[in-house]
Amino acid sequence: MTTTAERTVREFALGNPGAIRVFEKLGIDYCCGGKKSLDEACRAASLNIGEVLASIEELSQPIAATETDKEQNWHPAPLATLIAHIQNKHHKYTREEIARLCPLFEKVCSVHGSKHRELFEVYESFKGLAQELGAHMMKEDMVLFQYIGRVEAARAENRSVVPVPFGSVKNPVSMMEHEHDSAGNALRAMKQASNGYSAPADACISYQTLYRVLAEFEADLHQHIHLENNILFPRAIAMETAR
């Protein structure tokens, strides 16, 4: 029998939305690193697993839900609905924020870069991440997501699916997960170089805004990858192989 400590971070994130908030606060990777056990993740982050479990339990207690507290359960939802949510919320947000952040980076680097050289390191990581995400989301929108939708529709109508060049959905999924890992590495590099997105004492409003928006961008990308790695992709693979 699997003990609580042996359960994976992914299992906690899927079974308890409150766990995601704890993981975000403590810096535990629940999207790309979701296959680690909670015990392993806590040891890697030098965290006390008992305290982490207590925090998760505290956030699991029933409270009066507000609109921002409500968590959507995507497990029973049609995959087409989940895909639409990812595209309309996360893909849209990512594209809009990349377009917003690049000129903001240019402005802050031009004013503060001479004193804070780390800004250029953060910006280089962000530019690489932005380029990768643009191509990544296009492949999802144009190829993978459309195929998953066709498979789901075919299963509902009890008909076969037209063969595709990539064979099984496992192949593009594996590629997307690899690119998610790369995005996670870029996020960690940005966070480390920026001291956890902590603006220095002499930071102007634009500098402070840059780091605040980057922290928000990171949190959204974590949720974005979580929905794909931990829910959409496993369900798509199971659906394709079901007979």
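These numbers come from the heavy atoms of this one structure, side chains and all, not from hydrogens, waters or symmetry mates.
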- Apply side chain to side chain contact (heavy atoms under 4.5 Å, CB included) to N229 and R10, showing your working. CA-CA 9 Å; N229 277 14; R10 173 181 181 271; over 6 Å; no
For residues [X] and [Y], determine if any side-chain heavy atom of one lies less than 4.5 Å from a side-chain heavy atom of the other.
X	Y	result
Y211	L119	yes
S194	E118	no
V9	D29	no
V122	K191	no
R95	L133	no

Hydrophobic clusters here meaning ILVMFWY residues chained together by side-chain heavy-atom distances under 4.5 Å, can you tell me if [X] and [Y] are in one?
X	Y	answer
F120	Y197	no
V111	L210	no
M142	L232	yes

Where [X] and [Y] come nearest, the two heavy atoms and their spacing:
X	Y	value
R150	V164	NH2-CG1, 3.8 Å
S160	A154	O-CB, 4.1 Å
A203	H112	CA-CE1, 4.3 Å

#### Entry: Aromatic ring proximity Y207/H116, centre distance under 6.0 Å
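Ring-ring flag for Y207/H116: true, centres closer than 6.0 Å.
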Centroid separation H91 to F145 less than 6.0 Å: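 Here the rings of F145 and H91 have centres that are less than 6.0 Å from each other.
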* **Derivation of the side-chain hydrogen bond (donor to acceptor under 3.5 Å, both in side chains) call for Y147 and E240** => CA-CA 10 Å; Y147 175 69; E240 183 189 57; 2.7 Å; yes
What distance do [X] atom [atom1] and [Y] atom [atom2] have between them, rounded to the nearest 0.5 Å?
X	Y	atom1	atom2	result
R235	L82	CZ	CG	7.0 Å
F126	M190	CZ	CE	6.0 Å
I49	D39	CD1	CG	4.5 Å
T209	L214	OG1	CG	10.5 Å
C42	I28	SG	CD1	4.5 Å
I98	M137	CD1	CE	5.0 Å

(request) Measure from NZ or CZ of R7 to the centre of the six-membered ring of F12 and say whether it is under 6.0 Å with the direction within 45° of the ring axis. (result) yes
With side chain to side chain contact (heavy atoms under 4.5 Å, CB included) as the test, would you mind laying out the steps for F233 and M176 before giving the verdict?
CA-CA 9 Å; F233 294 165; M176 295 302 100; 3.9 Å; yes
message = Evaluate L221 against Y93 for side chain to side chain contact (heavy atoms under 4.5 Å, CB included), listing each step before the verdict.
response = CA-CA 9 Å; L221 192 55; Y93 172 87; over 6 Å; no
Is the closest basic N to carboxylate O distance between [X] and [Y] below 4.0 Å?
X	Y	answer
R188	D181	no
R43	E40	no
R100	E97	yes
E96	K92	yes

Over 12 foreign heavy atoms within 6.0 Å of [atom1], [X]:
X	atom1	value
H75	NE2	yes
K139	NZ	yes
Q192	CD	no

> In terms of ring plane angle, is the pair F105 and Y123 parallel, tilted or perpendicular, where the classes change at 30° and 60°?
Replying inline: parallel
Exercise. Have T8 and K35 got a donor and an acceptor in their side chains that come within less than 3.5 Å?
Worked result: no
Any side-chain donor paired with an acceptor under 3.5 Å for S182 and E132? yes
Are the side chain of [X] and the backbone N or O of [Y] linked by a donor-acceptor pair below 3.5 Å?
X	Y	answer
D220	E216	no
N195	S198	no
S174	N171	no

| request: Would you sort out whether V169 and T241 count as a side chain to side chain contact (heavy atoms under 4.5 Å, CB included), showing the intermediate values? | output: CA-CA 9 Å; V169 73; T241 56; over 6 Å; no
Go through it in stages, so that I can follow the logic: the residues are H222 and F23, the test is ring-ring contact (aromatic ring centres under 6.0 Å, His included), and I'd like the CA-CA distance, side-chain angles, deciding distance and then a yes or no.
CA-CA 10 Å; H222 282 166; F23 295 156; over 10 Å; no
With H90 as partner, the option from H226, H224, H136 fulfilling ring-ring contact (aromatic ring centres under 6.0 Å, His included) is H224
